[in-house]
Amino acid sequence: MTDHLPDDRDAVREALIAWYEADHREFPWRRTDDAYRILVSEVMSQQTQLSRVEEAYADFLDRWPAVSDLASAERGEVVSFWSGHSLGYNNRAKYLHEAATQVVEEYDGEFPTDPDELQELMGVGPYTANAVASFAFDNGDAVVDTNVKRVLHRAFGVPDDDAAFAEAASALMPAGESRVWNNAIMELGGVACGQSPRCDEAGCPWRRWCRAYETGDFTAPDVPEQPSFEGSRRQFRGKVVRALGNHDELTLDELGPRIRVDYSPDGDGEGSRTWLRGLVDDLADDGLVEVAADDGGATRIRLRA
DNA sequence: TTCCGGCGGC
DNA sequence: GCCGCCGGAA
């Protein structure tokens with residue numbers, strides 16, 4: 001059932017890891033292998049944008065630097081810290097405190113290293129257990145979250161099915177390298193292959209294998225079929241210019257999917273070829289782009305020199 | 001009785 | 001993403 005993956009899996013693996021190691025966002029929790037710290041970051045990340053998490057994470061660890069500190073805190077203190085930092089869902093603070101107590105009382109202060117045991121901790125389900133095992137102990141399996149699903153679906157056509165995603169993700173991960181691998185593939189989903197893809201801008205390492213990059217079909221499980229009022233015309237004009245900056249020349253139908261994920265040549269409404277043509281014509285009138293040859297969908301557009 | 005999948009609340 | 005609850009299956 002791993003027939004979606006390319007033949008040369010090692011090349012795919014190496015390309016991603018090299019891309020990640022060359023450059024990636026530096027989060028404080030990526031610079032530690034302390035299971036307690038990893039757990040705190042994971043619990044916080046499940047509900048808040050990463051930018052807000054950074055501050056709360058630092059303050060939290062400042063106040064309770066080790067799992068034993070958290071375990072001996074009053075539950076009320078932890079909960080009020082949580083709301084004080086607008087982290088929402090106060091139950092999570094309760095669970096985190098309870099998990100710390102479990103580690104101290106049932107595991108003698110040492111986090112278990114296996115995902116199955118980690119799952120015994122309050123508030124820790126399959127996802128979080130695997131994340132902690134990976135990032136703290138390099139002892140996990142492939143993470144499957146919405147980022148990973150989106151990437152696998154687009155790049156290799158893995159069907160929108162939980163079992164298929166789990167199997168493909170696991171088959172692709174280099175054995176015993178869950179720490180770097182999970183960081184890398186989630187970085188890919190966050191930086192290059194988000195809901196609106198940035199393949200060229202982010203230098204996606206998988207372009208040569210990527211089915212979506214080839215076909216222009218960037219649909220994904222978490223991408224709404226018809227995005228609500230997402231972009232202004234002005235925003236789309238910017239995207240056209242940026243896309244043309246990365247390719248000498250594009251046809252309307254090659255350009256479309258790079259501008260908006262719901263592009264479809266048909267019809268004449270928002271996101272249609274007609275709509276895109278109007279956008280391009282305006283840019284041409286402004287002297288920003290030029291129409292190299294006019295041939296319907298194969299109309300070729302380039303940046304004006 | 002226990003286990004599992006689905007669903008809603010947090 | 002996790003928990004808790006529910007109904008149906010074993």
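Here is how names work: the chains are called A, B, and so on, in the same order as the sequence lines, proteins then strands, and each is numbered from 1. Predicted, not measured: the structure shown is a model, and the values here were computed from it.
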Are any of the side-chain nitrogens in [X] or [Y] under 4.0 Å away from the carboxylate oxygens of its partner?
X        : Y        : answer
A:Glu270 : A:Arg260 : yes
A:Arg63  : A:Glu77  : yes
A:Asp266 : A:Arg273 : no
A:Asp294 : A:Arg277 : yes

Rounded to the nearest angstrom, tell me the gap between atom [atom1] in [X] and atom [atom2] in [N].
X        : N     : atom1 : atom2 : answer
A:Tyr127 : C:dC2 : OH    : P     : 9 Å
A:Leu87  : C:dC2 : CG    : P     : 17 Å
A:Leu39  : C:dG1 : CG    : P     : 15 Å
A:Met44  : C:dG1 : CE    : P     : 18 Å
A:Asp162 : C:dG1 : CG    : C1'   : 13 Å

Please list each protein N or O that sits under 3.5 Å from an N or O in nucleotides 8-10 of chain B, with the distance.
residue : atom : partner : partner atom : Å
B:dC10  : O3'  : A:Asn91 : ND2          : 3.3

Mind checking if A:Val43 touches a base, just sugar-phosphate, or nothing, with heavy atoms under 4.0 Å? nothing
Could you verify whether a donor N or O on one side chain and an acceptor N or O on the other, from A:Asp69 and A:Tyr36, lie under 3.5 Å apart? no
Please check this pair: side chain of A:Arg302 against backbone of A:Val289, looking for a donor-acceptor N/O pair closer than 3.5 Å. no
